[in-house]
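Contents: one structure, followed by commentary.
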Amino acid sequence: MPKGIPLTEEEIAKRRHEIFHQVVNVFVKKGFHETSMHEIAEAAGLGKSTLYDYFKTKDEILVYFFEDQLNDLTNEAQKVALQNLSADKRLRQIMEIYIESLQANKNLFLKLTQESQRLKPQSQKLVQEKRYAYQDLVRALIDEGIREGIFCKVNSLLAARLLISGMSSVIYGSRSTGTPQEMLRRALDMFFKGIEFC
């Protein structure tokens, strides 16, 4: 805990967010695992002991990034999921938000996703739990669409995983067939036609 006047959880979360975004360019340039805690503290303008008040390990910094991004995505998706629209329309909106997020952080997501493969098993599990929460929200909408008769009976978890990973390839694929928005629209059309008429 930072010394002096105790900070609230909200203040600590805000400071962790600031620290991460002050050092993110170092990670992209040098590589997360090749960057020392000393270099991270220096880039954040902190003493090493102060950095440890907010992040005990480097793994914790990387886990923080994924948890922060996935929490934001899940919160935005939950807002859409509560709208009074058909399941397919809400799914389209959620995937549009997902694509926008990937596009805004394209290089960072790619680099840190690669780096995350080297996290300790417990840290990987924490990230995976956040990914599963997002997948489950998408899965629930697919289940809703099945109940509404919009989609045919499919394995909704598999469909959710295919949808999310398919949308990722719109941003990270090496052979573009249009703008990300055009590719998203076409990919969603193919996905929905596939589960509407199977």
**Asked** Under the 3.5 angstrom rule, does the side chain of K58 hit a backbone N or O of T35 as a donor-acceptor pair?
**Response** yes
**Item:** Closest heavy-atom pair and its distance - Y134, A77
**Value:** CE1-CB, 4.0 Å
**Message:** With clusters defined by side-chain heavy atoms of hydrophobic residues (ILVMFWY) lying less than 4.5 Å apart, directly or transitively, does Y132 cluster with M95?
**Reply:** no
**Message:** Please determine whether residues L158 and V154 belong to a single hydrophobic cluster, defined as Ile, Leu, Val, Met, Phe, Trp and Tyr linked transitively by side-chain heavy-atom distances below 4.5 Å.
**Reply:** no
**Prompt:** Just how far is it from atom CD1 of I97 to atom CG of L102, taken to the nearest 0.5 Å?
**Reply:** 12.0 Å
**Prompt:** Out of curiosity, R131 CZ to R161 CZ, how far, rounded to the nearest 0.5 Å?
**Reply:** 11.5 Å
**Request:** Could you grab the distance from atom CG of D53 to atom CD1 of I19, nearest 0.5 Å is fine?
**Result:** 9.0 Å
**Asked** Charged N to carboxylate O below 4.0 Å: is that the case for E60 and R16?
**Response** yes
**Item:** Shortest non-hydrogen separation from I142 to A160 and the atoms involved
**Value:** CD1-N, 3.6 Å
**Asked** Rounded to the nearest 0.5 Å, what separation is found between the CG atom of L46 and the CZ atom of F55?
**Response** 10.0 Å
**Message:** Please tell me whether F27 and F65 form a close aromatic pair, meaning their ring centres lie under 6.0 Å apart.
**Reply:** no
**Request:** Using modelled atom types only, decide if a donor and an acceptor are shared between the side chain of D88 and the backbone of I150 within a distance under 3.5 Å.
**Result:** no
**Spacing of M37 atom CE and S49 atom OG [to the nearest 0.5 Å]** = 11.0 Å
**Request:** Show the numbers, then the answer: is there a salt bridge (Lys or Arg N to Asp or Glu O under 4.0 Å) between K79 and E76?
**Result:** CA-CA 5 Å; K79 290 176 190 173; E76 289 301 311; 3.2 Å; yes
**Request:** With rounding to the nearest 0.5 Å, note down the distance linking CD in Q93 to CG in L141.
**Result:** 10.5 Å
**Asked** Parallel under 30°, tilted from 30 to 60°, perpendicular over 60°: which one fits the rings of Y64 and H17?
**Response** perpendicular
**Q83, CD atom: more than 12 neighbouring heavy atoms under 6.0 Å** = yes
**Request:** Please check if I164 and L157 belong to a single hydrophobic cluster, counting links between Ile, Leu, Val, Met, Phe, Trp and Tyr side chain heavy atoms closer than 4.5 Å.
**Result:** no
**Asked** Among I94, V138, L137, whose side-chain contact (heavy atoms from CB on, under 4.5 Å) with T74 holds?
**Response** L137
**Request:** Identify the heavy atoms of D59 and S123 that sit nearest to each other, and give their distance.
**Result:** OD2-OG, 3.2 Å
**Asked** In terms of hydrophobic clustering (I, L, V, M, F, W, Y; side-chain heavy atoms under 4.5 Å; direct or indirect links), are L162 and M183 co-clustered?
**Response** no
**Item:** Joint hydrophobic cluster, F151 plus L85, side-chain heavy atoms closer than 4.5 Å
**Value:** no
**Prompt:** Hey, are the side chains of D72 and S101 touching, using non-hydrogen atoms and a 4.5 Å cut-off?
**Reply:** no
**Message:** Can you confirm whether L163 sits close enough to M167 that some side-chain heavy atom of one is under 4.5 Å from a side-chain heavy atom of the other?
**Reply:** yes
**Salt bridge E148-R90, side-chain N to carboxylate O under 4.0 Å** = yes
**Asked** Could D189 and R92 be called an ion pair, given the rule that one side-chain N must be under 4.0 Å from one carboxylate O?
**Response** yes
**Lys/Arg N to Asp/Glu carboxylate O, R15 vs E18, below 4.0 Å** = yes
**Prompt:** Under the side chain to side chain contact (heavy atoms under 4.5 Å, CB included) criterion, do V26 and I40 qualify, and how do the steps go?
**Reply:** CA-CA 8 Å; V26 178; I40 292 168; 5.9 Å; no
